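Each remark here refers to the structure printed beneath this line.
When a ligand or atom number is given, it counts from 1 through the structure's own listing order. Please read all numbers here as calculations on a predicted model, not as lab measurements. Basis for what follows: all heavy atoms, side chains included, without hydrogens, waters or symmetry-related copies.
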Amino acid sequence: MSQGTPEPAAAAQHGTGHGRELPGRELAGALRAEAAERAAALTARGTTPHLAVVTATADESSAWYVRSIARSAEKAGLACTIADLGPEAPVARVHERLTELSADPTVHGIILQTPLPAGARLEGLASAIDPVKDVDGANPLSLGRLAAGLPAFAPATAEAVVALLDHYKIDPAGRHAVVVGRSTVVGKPVAHLLLDRNATVTVCHSRTVGLASTARTGDILVAAAGRPGLITPGHVRPGAVVIDVGTNPTPDGGLVGDVDPAVATTAAALTPVPGGVGPVTTALLLQHTVRAALTL
Ligand code: NAP
């Protein structure tokens, strides 16, 4: 196995968890470089891939995330437009802006940033994003196509989970993957992507009874609940691979995942927060935008 990461089932069998870290920066760098190369080739042919981010919130961490996407896009040679409609924007205005961008032939990828204005539902608004430009898989049609095994953009975070497993040569086929969280943004699409890769998948949520005992049956455990420290060593099968999707702000301005750091003593491998799923997510958004520009 590359990078010395143990096969989850084998490690579980022998109880040899040693908590190897699975950082995402190297993979993210490679994905960004590939996106930059393709963007340069497209630009040379007269089309610069163009990502638009629609935001309507005063949330500081969201604003930071949007700026970091724009910086990454521009560094990779993509154009990036931030359509900041402000926290008071009526839902109808957000819908209208998404419709305009969907019709704009110079725009190839569209992201609708959360949190949304009060009263808005992501699924409703995201329906206004043309599926061919839906680079973060927010339109319910994208999730439906994903579930049906048809080509579609997966939400970048969900795809980042599988991309990290691939990068570290951890094959989900035949493994039991437990996903904690069932949102349309992370949990459900991760479950579909893992099923597609022939894992046996269990999805847990806030009404799951006996979360720890179910989670402990996973060779691969994906934590996407948005609850800091939810996953403790008691939730983790010795030797399992743990992917921590959670990004929970701390009062001191830091970021922690859903997984208690003590899990490193039980798991064979664990993604860090920050520096795990996050950077891969951003890089995949660039890749998706370049792919959309190639097909439009
Ligand atoms: P979400 O919409 O709030 O969904 C959270 C899910 O976790 C729900 O399905 C919920 O169950 C479940 N859950 C909550 N508490 C639980 C508990 N105690 N036990 C079991 N399940 C529980 O959140 P999200 O948008 O999916 O995001 C999840 C996390 O990923 C957040 O920390 C978010 O910041 C992070 N995230 C990271 C990235 C990245 O790029 N790294 C991108 C997106 C999101 P119910 O359905 O029953 O309510």
Side-chain angles (χ1 to χ4, degrees), residues 22-25 27-28 31-32 53 55 57 59-69 72 111-116 120-123 125-126 135-138 140 142-143 153-165 178-194 201-218 221-232 234-236 242-250 254-260 270-288:
L22 306 177
R25 295 200 197 284
L27 170 60
L31 291 169
R32 280 196 306 267
V53 186
T55 174
T57 174
D59 184 85
E60 246 322 294
S61 57
S62 165
W64 180 90
Y65 180 62
V66 170
R67 283 195 299 273
S68 87
I69 292 175
S72 293
I111 298 173
L112 173 57
Q113 182 59 24
T114 55
L116 299 171
R121 273 180 58 82
L122 177 66
E123 292 78 8
L125 275 175
V135 291
D136 205 14
S142 300
L143 183 59
F153 286 116
T157 306
E159 192 174 325
V161 170
V162 177
L164 273 164
L165 292 174
V178 176
V179 179
V180 183
R182 60 172 164 182
S183 73
T184 51
V185 184
V186 192
K188 282 178 186 153
V190 165
H192 287 301
L193 290 171
L194 288 168
V201 181
T202 299
V203 180
C204 301
H205 45 80
S206 68
R207 305 288 291 275
T208 295
V209 175
L211 177 67
S213 57
T214 303
R216 246 189 342 259
T217 61
L221 178 60
V222 180
R227 298 281 180 274
L230 175 68
I231 304 299
T232 66
H235 292 73
V236 179
V242 182
I243 308 290
D244 192 354
V245 180
T247 49
N248 308 294
T250 57
L255 209 58
V256 294
D258 288 354
V259 178
D260 181 336
L270 168 65
T271 58
V273 177
V277 173
V280 179
T281 298
T282 309
L284 284 170
L285 287 171
L286 307 186
Q287 286 246 337
H288 288 182

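- Atom 9 (O) of ligand 1 has as its closest protein heavy atom Arg182 N, 2.8 Å.
- Ligand 1 has at least one atom lying under 4.0 Å from a heavy atom of Ala224.
- For atom 43 (C) of ligand 1, the closest non-hydrogen atom of the protein is Thr157 OG1, 3.6 Å.
- Ala158 approaches Val185 most closely through the heavy-atom pair CB-O, 4.4 Å.
- Nearest non-hydrogen protein atom to atom 15 (N) of ligand 1 is Arg227 NE, 3.3 Å.
- Nearest to atom 37 (C) of ligand 1 among the protein's heavy atoms is Val245 O, 3.2 Å.
- By heavy-atom distance, the residue among Ser206, Ala215, Ala212, Ala156 lying nearest atom 45 (P) of ligand 1 is Ser206.
- Of the possible polar contacts, none joining the Asp136 side chain to the Ile111 backbone as a donor-acceptor pair under 3.5 Å is found.
- To the nearest 0.5 Å, the span separating CG on Leu255 from CG on Asn248 amounts to 7.0 Å.
- In this structure, atom 3 (O) of ligand 1 has no protein heavy-atom contact shorter than 4.0 Å.
- Proximity of a side-chain donor or acceptor of Gln287 to a complementary backbone N or O of Leu31 within less than 3.5 Å is detected.
- Under 4.0 angstrom from ligand 1, the non-hydrogen atoms of His205 come from both its backbone and its side chain.
- Remark: ligand 1 and Ser183 share an N or O pair separated by less than 3.5 Å (distance only, no angle test).
- For the residues Ser61, Ala225, Gly24, the heavy atom positioned nearest atom 5 (C) of ligand 1 is part of Ala225.
- Per-residue contacts place Gly226 under 4.0 angstrom from the following atoms of ligand 1 (heavy atoms of the residue considered): 28 (C), 29 (C), 31 (C), 32 (O).
- Looking at Asn248 against ligand 1, only its side chain comes within 4.0 Å, counting heavy atoms.
- When hydrogens are left out, the protein atom nearest atom 44 (C) of ligand 1 is Val186 CG2, 3.9 Å; that is the closest non-hydrogen contact.
- At least one heavy atom of Gly278 sits closer than 4.0 Å to an atom of ligand 1.
- Below 3.5 Å of separation, one finds an N or O of Thr281 facing an N or O of ligand 1.
- Only the side chain of Leu230 comes within contact range of ligand 1, with a heavy atom under 4.0 Å; no backbone atom does.
- No donor-acceptor pair under 3.5 Å is formed between the side chain of Ser142 and the backbone N or O of Ala138.
- Contact annotation: for Thr247 versus ligand 1, heavy atoms closer than 4.0 Å belong to both the backbone and the side chain.
- In this structure, Val277 and Ile243 approach most closely via the heavy-atom pair CG2-CG2, 3.7 Å.
- For the pair Asp244 (side chain) and Thr271 (backbone), a donor-acceptor distance under 3.5 Å is absent.
- Closest approach of Leu230 and Ala225 over heavy atoms only: CD2-CB, 3.7 Å.
- Distance from atom 12 (C) of ligand 1 to its nearest protein heavy atom, with residue and atom name: Gly181 CA, 4.0 Å.
- In terms of heavy-atom proximity, Arg25 sits nearest to Pro279 at NH1-CG, 4.1 Å.
- Nearest heavy atom pair, residue Thr208 against residue His205, reads OG1-N, 2.8 Å.
- No side-chain donor-acceptor contact under 3.5 Å links Thr282 to the backbone of Ile69.
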